[in-house]
K.L.:
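Here you go, one structure.
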Number of protein chains: 2
Amino acid sequence: MTTRSPGIPIGDTTVADVARLAGVSVATAARALGNYGSVSARSRELVSAAASELGYRPNMVARSMITKTTRTVGVIVGDIENHFFLSALRGITDRLDAFGYDVLLANSAEELDREQRALQAMVERRVDGLIVTPAQVSDRELLSELIHQGLPVVLLDRRIRGLRADSVGIRNREAGRIATDYLLDRGHRRIALITGAGAEHREALHAEDPRELKTVRASTSGTRASGYRQALAAAGVPFIPDYISVAGFRREDACLATLALLNLPAPPTAIVTLDSGLTLGALQAFRQAGIRCPEECSLIGFDDAEWAEVVSPPITVMSQPVVQLGERAAERLVQRLNGEVLDVAAIRLSATLIERSSVAPPPG
Amino acid sequence: MTTRSPGIPIGDTTVADVARLAGVSVATAARALGNYGSVSARSRELVSAAASELGYRPNMVARSMITKTTRTVGVIVGDIENHFFLSALRGITDRLDAFGYDVLLANSAEELDREQRALQAMVERRVDGLIVTPAQVSDRELLSELIHQGLPVVLLDRRIRGLRADSVGIRNREAGRIATDYLLDRGHRRIALITGAGAEHREALHAEDPRELKTVRASTSGTRASGYRQALAAAGVPFIPDYISVAGFRREDACLATLALLNLPAPPTAIVTLDSGLTLGALQAFRQAGIRCPEECSLIGFDDAEWAEVVSPPITVMSQPVVQLGERAAERLVQRLNGEVLDVAAIRLSATLIERSSVAPPPG
DNA sequence: ATGAAAGCGCTAACAC
DNA sequence: GTGTTAGCGCTTTCAT
C-alpha cells in the first residue's frame with residue numbers, strides 16, 4: 001500500500017525531509033535509511049514510518065557521489081544477436097544480480113568506434129568494473145589505460161595480447177584438436193574448417209608454417225585453427241590451405257564458403273564450423289547443393305545451439321559451457337571488486353563433444 | 001596518445017584541477033568541458049589542453065546530481081535467453097545509443113520479485129525512463145505508481161490491463177487469425193494450438209465462451225488464441241477445447257504437449273505454436289513419434305528464428321518484426337524523454353506469414 | 001565572457 | 001546513539 005499521493009515526482013523527497021518528519025537529524029535518518037552506523041530501534045521506526053509516508057526513494061547517484069562506487073558493471077558485447085553472448089549475458093546478469101550489481105549494457109556490433117564510445121561512456125558513468133568481449137580489431141589503448149589505472153576488467157571469450165587482464169573462455173586449441181581428432185578417428189583425411197575470422201587473418205590461417213598462427217592467436221578462431229593443425233600433424237595428414245575457409249560472419253558467407261569447398265577438385269569429406277551461425281550456413285549449403293549429411297559430407301559445429309538436435313541430421317557439436325563462462329567472468333570480477341588481490345589469470349573451461357548424427361565415415 | 005602518467009586512478013582529476021592548470025575559473029573550465037554557456041576560443045583551448053594533460057574524465061554521476069537526468073534507460077526483459085528479447089534488445093540498444101542513452105539491463109526471468117527488485121534498483125539509480133516486458137504475473141502496483149509520478153515507461157510485447165503506458169507489439173489477434181486461416185484454407189479442420197501461457201490461463205483458454213478470453217487478453221497468447229477462435233468461428237469449424245494445449249515455457253513441455261495432441265482419438269492435422277521454443281518442441285515430438293511433417297501433420301510457428309528455414313521441413317511461420325519492435329519502443333520512449341506530450345498509444349505492427357514447407361493439405 | 005558562490009542528496013568524520 | 005558539519009564533482013544563478 002502506498003500512502004503518498006500520486007503525482008509527486010520521484011526523488012522529490014530527501015533524507016532531510018524524512019528526518020524532519022521523523023523528528024531526528026539527517027545523519028540519523030540517513031543511517032536508518034542506508035542501514036549503516038548505529039541507530040536506536042525507536043529512531044529506526046520513526047524514520048521508516050516517515051519514509052514510507054513520504055514515499056522516500058534512496059538516490060543512488062547522490063550516494064555514489066560520496067562512496068565513489070556505483071555498484072554497476074559495464075558489459076560490452078561484440079554482437080548482441082549472437083547466441084553465444086546471449087547465454088553468456090544470462091550467466092553474467094544472474095551472478096552479478098546475486099552480488100548486488102547492476103549491468104550497463106553496450107553492443108559494440110564488432111565496430112571499433114562503437115566499442116570505444118561505449119568504453120568512454122562507462123568510464124564517465126564510473127562503473128565499478130567491466131566485462132568486455134573485445135571487438136575483432138580492438139584498440140587496446142583505452143582499455144589498457146583503464147586497466148593500468150586500476151579498473152577491474154575481465155575479458156570474455158576473446159583475449160587481447162599484452163593486456164594484463166583476467167580472461168575467461170574455453171580451451172580453444174584443445175577444442176579444435178578434439179573436433180578434428182574425432183573426424184580423423186572416423187577415417188576422414190580431407191577435413192575442412194570454416195572460420196568467421198576477419199579477412200585480415202586469412203593469410204596467417206593459410207600459411208604453411210603453423211607459427212604464423214601466432215598472429216591470430218588472440219582470436220578464438222586462430223587458436224581453434226591451431227588445434228586443428230596440431231591434430232592433422234599428429235595424424236600425419238598434410239595441411240591443405242584450401243581447406244581453411246575464411247568466411248565472413250554472416251550465415252550467407254558460410255553457405256557460400258561451403259559451396260566453394262564442395263566444388264574443390266578434391267572436396268573435403270568433413271567440415272568443422274567454428275560457430276553456430278556458420279554451422280547453419282553449412283547446413284543451408286548442403287541443402288542447396290543436394291549433399292546428404294553425413295553420408296556424403298560430415299559436419300561438426302561449435303556451440304550447442306537450441307536447434308542443434310532438432311535439425312536433420314542432428315548436429316554433432318563442440319559445446320561451450322556458455323552460461324558458465326559468463327558466470328565465471330562475473331565471479332572473477334566480483335572478487336576484484338571486493339578488493340581481493342589476484343594474479344592475472346586466464347580461466348579456461350573445457351568444451352565438450354556432443355555426439356549426434358552429423359558425422360559418419362567418409363564415403364567409399 | 002595519452003599524456004598522463006599511468007597509475008592515476010580514474011576520476012582523480014576534477015574540473016577544479018583542470019581550471020587551476022588552465023588558469024581559469026572552475027565555471028569557465030566546466031563550461032568548456034561540458035560544452036555549454038559561452039567560452040572564449042582562447043579559454044576553450046587552454047582548458048582542453050589542461051584537460052588532456054591531466055587525463056580529465058567527466059564524471060557523469062556528479063553531473064546527474066545537478067541536471068537530474070542520467071541519460072540512462074532501464075530495460076527489463078522477461079527472459080534474456082528468449083530469442084525474441086534478444087532481437088528486441090538489439091533494436092532498443094541501437095536506437096537508444098543513437099540518441100545518446102545508455103541501457104541498464106535487468107532480466108526478470110519471469111519472476112515477480114526479481115522484476116520488482118529490478119524496478120526498484122532502476123528507480124534508485126534514477127533512470128530517465130523504462131522499457132519493460134512485464135513478467136507473466138506482473139504486479140502493476142509499483143509500475144503504475146511510477147507512471148503516475150511521470151516516469152516515461154513503454155511496455156514491450158505484453159500489455160498490462162489498466163496501465164496507462166505506451167505499448168509496442170504486434171497485432172496478435174490478427175496474427176492468430178491469419179495463421180489459422182492459412183491452415184483452414186488448405187483444408188484443415190482439426191487445428192490445434194500450443195501456447196506457453198501460464199497454467200493460470202488454462203481455464204479461460206479452454207472455455208466454450210470466447211468472452212472468457214478477455215481475462216487473458218493482456219497476454220499475447222490469449223489474444224492470439226482469440227484470433228484463432230475467430231478464424232474457426234468464421235469458417236464454421238467447431239472449437240474443441242482439447243485442441244488448445246497450455247504447455248509450460250520450455251521446449252520439453254511443448255514436446256510433451258504435442259505428443260499428447262497426437263495421441264488424441266481424433267488427432268489434429270495441423271498445429272500452431274505460439275513461440276519459437278514451442279515450435280522446436282513440436283518438431284522434436286514429430287521426430288520422436290515418427291510423424292512426417294507436413295504429410296501427416298502440418299505446423300505453423302511464431303517468430304522467424306534463425307533455424308526456421310534450415311530445419312526439415314523448413315517451417316512456415318508468422319514472423320514478428322522483432323528488431324523493429326524494439327526500435328519503435330526506444331523511439332517512443334525518446335519522444336517522451338524529449339518532453340513531447342503524447343497520448344498513451346498502443347503501437348501495433350503486423351506479423352507477416354512466411355510460407356515455407358511445413359504446411360500441406362490434411363492427409364487423406 | 002568570466003568568476004564567486006550556492007547548492008544537488010547523500011555520507012563520513014568528529015564531537016557530544 | 002545522535003547531531004553538526006563538511007564536502008563529493010559538478011552546474012547554475014547572479015554579478016561583474
K.L.:
List in chain and number order the residues that pass side-chain contact (heavy atoms from CB on, under 4.5 Å) with B:R348, two or more places apart in sequence or in another chain; answer none if no residue qualifies.
P.N.:
B:R159, B:S167, B:R171, B:N172, B:A346
K.L.:
Are there over 12 heavy-atom neighbours, none belonging to A:R164, within less than 6.0 Å of that residue's CZ?
P.N.:
no
K.L.:
Nearest-Å distance, CE (A:M65) to P (C:dA12)?
P.N.:
14 Å
K.L.:
What residues, two or more places apart in sequence or in another chain, satisfy side-chain contact (heavy atoms from CB on, under 4.5 Å) together with A:A22?
P.N.:
A:V24, A:L46, A:V47, A:A50
K.L.:
May I ask you to evaluate whether A:Y36 reaches the phosphate of C:dC10, defined as a side-chain N or O under 4.0 Å from OP1 or OP2?
P.N.:
no
K.L.:
Expressed as a whole number of angstroms, how long is the span from A:R63:CZ to C:dT11:P?
P.N.:
5 Å
K.L.:
Can you give me the bend angle of the helix from C:dA1-D:dT16 to C:dC16-D:dG1? Use the axis through the first five pairs and the one through the last five, nearest 10 degrees.
P.N.:
30°
K.L.:
Would you jot down, in residue-number order, the residues of residues 20-33 of chain A having a non-hydrogen atom under 4.0 Å from DNA chain C?
P.N.:
A:A27, A:A30, A:R31
K.L.:
Going by the rule side chain to side chain donor-acceptor pair (under 3.5 Å), which residues pair with B:E45 if we only count those two or more places apart in sequence or in a different chain?
P.N.:
none
K.L.:
Can you list the residues that meet the side chain to side chain donor-acceptor pair (under 3.5 Å) rule with A:T133, with sequence neighbours excluded?
P.N.:
none
K.L.:
Identify, with sequence neighbours excluded, every residue that meets salt bridge (Lys or Arg N to Asp or Glu O under 4.0 Å) alongside A:R332.
P.N.:
A:D166
K.L.:
Strictly below 4.0 Å, heavy-atom distances to any atom of DNA chain C: list the hits from residues 38-51 of chain A, or just say none.
P.N.:
none
K.L.:
Mind checking side chain to side chain donor-acceptor pair (under 3.5 Å) for A:R71 and listing every partner two or more places apart, or none if nothing turns up?
P.N.:
none
K.L.:
Just do the side chain to side chain donor-acceptor pair (under 3.5 Å) check on A:E145 and A:Q149 with the steps written out, would you?
P.N.:
CA-CA 6 Å; A:E145 186 190 341; A:Q149 289 171 24; 2.9 Å; yes
K.L.:
Excluding sequence neighbours, so at least two apart, what forms salt bridge (Lys or Arg N to Asp or Glu O under 4.0 Å) with B:D128?
P.N.:
none
K.L.:
Can you tell me how far C1' of C:dC8 sits from CG of A:N59, to the nearest Å?
P.N.:
9 Å
K.L.:
Just to confirm, is there a sub-4.0 Å distance from OP1 or OP2 of C:dT11 to any side-chain nitrogen or oxygen of A:K68?
P.N.:
no
K.L.:
Using the test side-chain contact (heavy atoms from CB on, under 4.5 Å), find all partners of A:E124 that sit at least two apart in sequence or belong to another chain.
P.N.:
A:Q120, B:P58, B:M60
K.L.:
Taking salt bridge (Lys or Arg N to Asp or Glu O under 4.0 Å) as the test, write out the residues that go with A:D102, two or more places apart.
P.N.:
B:R125
